[in-house]
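Residue numbers begin at 1 in each chain, while the letters A, B, ... track the order of the sequences. Since the structure is predicted, the reported quantities are computational estimates derived from the model, not experimental observations.
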Protein chains: 2
Amino acid sequence: MAPDEKNTAVLEEHGRLLASDLAGEIEFLTARTRSIGSLLANRELAPLNLKVRSYSVLSLACGPTPPTQRELAGFLSLDPSQIVALVDQLEKRGLVLRAPDPQDRRSKIIRATGEGVAVYRQAREATHRAEDAALGSLSPAERDELRRLLTKAAFPGGEG
Amino acid sequence: MAPDEKNTAVLEEHGRLLASDLAGEIEFLTARTRSIGSLLANRELAPLNLKVRSYSVLSLACGPTPPTQRELAGFLSLDPSQIVALVDQLEKRGLVLRAPDPQDRRSKIIRATGEGVAVYRQAREATHRAEDAALGSLSPAERDELRRLLTKAAFPGGEG
DNA sequence: CTTAATCGTTGACTTTTTCAAGAATATAAG
DNA sequence: CTTATATTCTTGAAAAAGTCAACGATTAAG
């Protein structure tokens, strides 16, 4: 078997099962899309010693409104204790820091350092490469539409 | 906190972070959509002693072309060893059985029993309720379009 | 002031994922 | 036919991820 063929085996022949009920369920299609997507994203992020999870935290920490750990947990659908571990790693590498929230001393605001921003820029390119690879079968317009629909699904309360 | 409010806390306020780069990434939106979807689906499936994973196996086993375990692994993006565990459980409950593949005695075809089909019918209603709850913010036309786009993303080689 | 709730943290526990190896069967080459 | 290589299911172990309850510090409510 070729060196990199192993992890791409996800894209094998499944012709017979495409006619199944399950293949028509959005829940299943979402799970499979995510599985392929995070496989490719993790592969691209590996050289930076990041995974999709740590990349997501770093990304939000680089944004214009750095979040508290509680906000990270809610936004990323993770348990607060998982955020602790993720921030610990990133902080140990000097990519983010825990800043006290002036409005609530219980909370800690996760903000990226200069180096964190630098690493994030590379990581963003990596995830964009992964997205190109994962969604290569969709046109730019289709990707925009998919993004719009998924946003409504992921944030039902949205901006309404 | 109200009795059932805990698990619905995923749908909190995230206004500030919706403007982040991350919120525009399809990979992230897919992960969040799946997280909400499988939470609701697992909740609906719990009374039947099923989870999304075992439901998926049961569903394919009920289909017109029962799959081998290898096909299940590829289609569901799971490791073959995970399929063993899932089929073990379902077989122990009498919902599926391992039939020898006449064309390849290494393979085992996973076929639903009569009771398996009966349970599946209830389970399908449960997951449809969950899908309605998860995608309540999308119109039927939008759901169809989302299904179409996700199918292209999940099966790049598709029916081409 | 007293009580209740929230945030980050820790630790324990379960589940899921990943990986390597083996027995049985199939395929390919000589 | 014999030998070598590959595939399928299975097992078991290890790593990673997810779940949950409890604690100190802080805030909010009564």
Side-chain angles (χ1 to χ4, degrees), chain A residues 1-2 5-7 9-10 12-13 31 34-36 38-39 42-43 45-46 49-57 66-92 96-110, chain B residues 1-2 5-7 9-10 12-13 31-32 34-36 38-39 42-43 45-46 49-54 56-57 66-92 96-110:
Chain A
M1 183 176 272
E5 195 173 340
K6 188 179 176 186
N7 291 329
V10 186
E12 277 166 4
E13 293 280 335
R34 189 208 74 121
S35 177
I36 297 173
S38 62
L39 186 76
N42 281 330
R43 190 184 296 174
L45 287 171
N49 282 308
L50 289 174
K51 294 188 176 185
V52 171
R53 286 288 161 74
S54 40
Y55 163 77
S56 299
V57 171
T68 67
Q69 295 187 195
R70 175 65 47 168
E71 287 174 310
L72 284 172
F75 202 65
L76 300 177
S77 313
L78 296 178
D79 189 271
S81 63
Q82 295 178 274
I83 301 296
V84 172
L86 287 166
V87 172
D88 279 350
Q89 291 175 237
L90 293 173
E91 191 178 41
K92 196 170 298 178
V96 306
L97 46 83
R98 289 173 158 95
D101 183 345
Q103 296 175 343
D104 185 342
R105 283 183 300 174
R106 288 172 303 181
S107 301
K108 298 178 183 175
I109 294 176
I110 307 307
Chain B
M1 185 176 271
E5 196 173 338
K6 188 178 174 186
N7 291 329
V10 186
E12 279 166 2
E13 293 281 337
R32 202 182 140 98
R34 188 208 75 122
S35 176
I36 296 173
S38 62
L39 186 77
N42 280 331
R43 190 185 295 175
L45 288 170
N49 282 307
L50 289 175
K51 293 188 176 185
V52 172
R53 286 287 163 74
S54 40
S56 300
V57 171
T68 67
Q69 295 187 194
R70 174 65 47 169
E71 288 175 309
L72 284 172
F75 202 66
L76 299 177
S77 314
L78 295 179
D79 189 271
S81 64
Q82 293 177 275
I83 302 296
V84 172
L86 287 166
V87 172
D88 279 350
Q89 290 175 236
L90 292 173
E91 191 178 41
K92 196 169 298 177
V96 306
L97 46 84
R98 289 173 158 95
D101 183 345
Q103 296 175 344
D104 185 341
R105 282 184 300 173
R106 290 171 302 181
S107 300
K108 299 178 183 175
I109 294 175
I110 307 307

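Taking atom CD of residue Gln69(B) and atom P of nucleotide dA24(C), one finds them 17 Å apart after rounding to whole Å. Rounding to whole angstrom units, CD1 of residue Ile110(A) and C1' of dC7(C) are separated by 12 Å. Protein atom CZ of Arg34(A) is 11 Å distant from nucleotide atom P of dA17(D), rounded to whole Å. Put simply, CD on Glu71(A) is 9 Å from P on dC7(C), counting in whole angstrom units. Distance CZ (Arg70(B)) to C1' (dA26(C)): 14 Å, rounded to an integer number of Å. The separation between Asp79(B) atom CG and dA13(D) atom P is 16 Å, rounded to whole Å. The distance from atom CG of Leu72(B) to atom C1' of dT10(D) is 15 Å, rounded to the nearest whole Å. Rounded to whole Å, atom C1' of dC9(D) lies 11 Å from atom CD1 of Ile83(B).
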**OP:** Quick one: do Arg53(B) and Leu78(B) satisfy side-chain contact (heavy atoms from CB on, under 4.5 Å)? Show the steps, please.
**Re:** CA-CA 10 Å; Arg53(B) 286 287 163 74; Leu78(B) 295 179; 3.4 Å; yes
Original post:
After noting the C-alpha distance and the side-chain angles of Leu39(B) and Ser35(B), does the key distance pass the side-chain contact (heavy atoms from CB on, under 4.5 Å) rule?
Top reply: CA-CA 6 Å; Leu39(B) 186 77; Ser35(B) 176; 5.7 Å; no
**OP:** Begin with the C-alpha distance, continue with both residues' side-chain angles, and end with the deciding distance and a verdict on side-chain contact (heavy atoms from CB on, under 4.5 Å) for Gln69(B) and Arg98(B).
**Re:** CA-CA 9 Å; Gln69(B) 295 187 194; Arg98(B) 289 173 158 95; 3.0 Å; yes
Original post:
Do Gln89(B) and Val96(B) pass the side-chain contact (heavy atoms from CB on, under 4.5 Å) test, and can you show the C-alpha distance, the side-chain angles, and the key distance before you say yes or no?
Top reply: CA-CA 9 Å; Gln89(B) 290 175 236; Val96(B) 306; over 6 Å; no
Tabulated below should be each protein N or O lying under 3.5 Å from an N or O of nucleotides 25-27 of chain D; please produce it.
from	atom 1	to	atom 2	distance (Å)
dT27(D)	OP1	Arg105(A)	N	3.0
dT27(D)	OP1	Arg105(A)	NE	3.4
dT27(D)	OP2	Arg105(A)	NH2	3.0

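Side-chain N or O atoms of Arg70(B) include none that pairs as donor or acceptor with a backbone N or O of Pro80(B) at under 3.5 Å. Checking side-chain atoms of Asn42(A) against main-chain N and O of Val52(A) turns up a donor-acceptor pair under 3.5 Å. Side-chain atoms of Ser38(B) come within 3.5 Å of backbone atoms of Arg34(B) as a donor-acceptor pair (strictly under, hydrogens ignored).
Remark: Arg98(B) is in phosphate contact with dT10(D), judged by side-chain N or O atoms under 4.0 Å from OP1 or OP2. At the phosphate of dT9(C), neither OP1 nor OP2 sits under 4.0 Å from any side-chain N or O atom of Gln82(A). Neither OP1 nor OP2 of dT15(C) sits under 4.0 Å from any side-chain N or O of Lys51(B).
The nucleotide whose nearest atom lies closest to any side-chain atom of Lys108(A) is, among dC19(C), dT9(C), dT10(D), dT9(C). Taking the side chain of Leu78(B) as heavy atoms from C-beta on, and the options dG8(C), dC9(D), dT17(C), the nearest nucleotide is dT17(C).
Residue Ser81(B) is classed as a base contact, given a heavy-atom separation below 4.0 Å to a base.
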